[in-house]
Amino acid sequence: MEKKATTPAPKAAKAPKDPKAKGKGGVLNPAWVIPLLFVIALAIYIYVLGAPEHFIDGDHEKGPAPGDYYGIVYKGGPIVPILMTCFLIVLVYTIERLITLGKASGTSNVDAFVRKIRSLLDRNQIDEAIKECDKQKGSVGNVIRTGLEKYKLLTTDTVLDKEQKMAALSKEIEEATTLEMPMLQKNLTIIATLASASTLIALLGTVIGMIKAFAALGASGSPDSAALATGISEALINTGLGIGTAAIATISYAYLNSKVDDLTYSIEEISMSIQQNFAAHY
């Protein structure tokens, strides 16, 4: 009778960590960031802009003190805290993206890293290039290291032909890039959306202000000049805040998007060099 093996089965190897999961931990979740920023904006609107010292005799009804811009902005009405929230969201996510993209670039200048890797590839020094990726870190270093490791593995492969090896190398780099890109582009959509949404929100505040102004004109008897001025002032305050926020969001999105494009171009440039080098030597 055949004896059963008594050797315990080897433990299953731990699955490698998904690079995409690593990127998720470093971003601010809009589900809690946006409500928190709205609470902060509302607190600033009520307790800072609406503080009694910014108004004549401390009375909101008497209007802001002469030349007091805090009180003037407060009189912009209930749309003001929403616009302030939009501004804070743009500010917070711009800073968050700058930090994230800075980490994604790595520890040294990306252009210098690209030149160094290409120089090492020209001399077919793959191990040295991998060490440089370990020093560089970040998304660029991670993707290129993945490509170089695959390169090294394929040099010892005796099963695949050259065309199959080229396809496998290209696929490996493409997959590594695909895993890193969502982390680079995360939350850019929020900034892009606010570039147009803040203008529409401001338009709503402008319309509300103009409705109040025309209501004062249509009042029975002589028009209430104070109410007319208040309505027009509210409309212009909302317009100013909305346009300012939209302008900052547009500039921020364009700059951050260009940074992502630069990183993507650097990755593609080195990836092409890796494939060309492999084609030339193997």
Side-chain angles (χ1 to χ4, degrees), residues 28 30-98 187-256:
L28 300 176
W32 62 266
V33 171
I34 293 176
L36 176 63
L37 293 178
F38 176 72
V39 171
I40 292 172
L42 194 60
I44 293 172
Y45 177 74
I46 295 172
Y47 299 109
V48 178
L49 301 181
E53 61 264 24
H54 301 308
F55 297 87
I56 299 171
D57 299 330
D59 187 356
H60 291 171
E61 297 301 323
K62 292 184 179 180
D68 194 311
Y69 290 102
Y70 288 91
I72 291 171
V73 174
Y74 178 86
K75 295 302 285 184
I79 302 298
V80 169
I82 299 176
L83 289 171
M84 289 173 63
T85 303
C86 293
F87 172 76
L88 289 176
I89 292 170
V90 171
L91 182 63
V92 167
Y93 278 113
T94 297
I95 294 171
E96 184 265 343
R97 285 292 86 199
L98 287 172
N187 296 328
L188 282 181
T189 307
I190 295 174
I191 298 175
T193 301
L194 289 177
S196 55
S198 56
T199 307
L200 296 175
I201 295 170
L203 181 60
L204 175 61
T206 303
V207 170
I208 292 172
M210 294 308 295
I211 288 171
K212 291 180 180 179
F214 282 109
L217 278 174
S220 56
S222 58
D224 187 344
S225 59
L228 176 63
T230 300
I232 295 174
S233 175
E234 181 176 333
L236 294 177
I237 288 167
N238 284 286
T239 301
L241 286 174
I243 291 174
T245 302
I248 293 170
T250 302
I251 294 169
S252 172
Y253 176 76
Y255 175 74
L256 293 171

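Any value given below was found using the heavy atoms of this structure, including those in side chains, with hydrogens, waters and symmetry copies removed.
Looking at residues two or more places apart in sequence or on another chain, you find a side-chain hydrogen bond (donor to acceptor under 3.5 Å, both in side chains) between Ser252 and Thr94. Evaluation of the side-chain contact (heavy atoms from CB on, under 4.5 Å) rule for Leu204 yields Ile79, Ile208 as partners, not counting sequence neighbours. Scanning for side-chain contact (heavy atoms from CB on, under 4.5 Å) contacts around Leu91 gives Phe87, Ile95, with sequence neighbours left out.
Applying the side-chain hydrogen bond (donor to acceptor under 3.5 Å, both in side chains) rule to pairs touching residues 33-47 yields nothing, sequence neighbours excluded. Listed by first and then second residue, the salt bridge (Lys or Arg N to Asp or Glu O under 4.0 Å) pairs that reach into residues 60-77 are Asp57-Lys62, sequence neighbours excluded. Sorted by first and then second residue, the salt bridge (Lys or Arg N to Asp or Glu O under 4.0 Å) pairs with a member in residues 192-216 read Lys212-Glu234; sequence neighbours excluded.
Shortest non-hydrogen contact noted between Leu88 and Ile40 is CD1-CG2, 4.2 Å. Considering all non-hydrogen atoms of both residues, Pro64 and Gly71 come closest at CB-C, 3.6 Å. Heavy atoms only, all atoms of each residue included: Pro81 and Ala41 are closest at O-CB, 3.6 Å. In this structure, Gly76 and Asn238 approach most closely via the heavy-atom pair O-ND2, 2.8 Å. Across all non-hydrogen atoms, the minimal contact from Leu194 to Ala249 is C-CB, 4.2 Å. Annotation for Pro35 and Pro30: closest pair CD-O, 3.7 Å, computed over non-hydrogen atoms.
Ile251 contributes atom CD1, which lies 12.5 Å from atom CD1 of Ile191 (distance to the nearest 0.5 angstrom). The distance from atom CD1 of Ile201 to atom CG of Leu241, rounded to the nearest 0.5 Å, is 11.5 Å. Put simply, OG1 on Thr206 and CD1 on Ile237 are 10.5 Å apart, with the number rounded to the nearest 0.5 Å. Note that CD1 of Ile243 is 11.0 Å distant from CG of Leu83, once rounded to the nearest 0.5 Å. Atom CD1 in Ile44 sits 9.5 Å away from atom CG in Leu37 (nearest 0.5 Å). For the atom pair OG1 of Thr245 and CD1 of Ile89, the computed distance is 10.0 Å after rounding to the nearest 0.5 Å.
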Is there a side chain to side chain contact (heavy atoms under 4.5 Å, CB included) between Val33 and Tyr93? Walk through the geometry before answering. CA-CA 10 Å; Val33 171; Tyr93 278 113; 3.5 Å; yes

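Between Met84 and Leu49 there is a side-chain heavy-atom pair separated by less than 4.5 Å. Contact of the Val73 side chain with the Val80 side chain is registered, since non-hydrogen atoms from C-beta on lie closer than 4.5 Å.
The backbone N or O of Ala229 lies less than 3.5 Å from no partner atom in the side chain of Ser233, so there is not a single donor-acceptor pair.
The aromatic rings of Phe55 and Tyr74 lie perpendicular to each other, with more than 60° between the two planes, well past the 30° mark.
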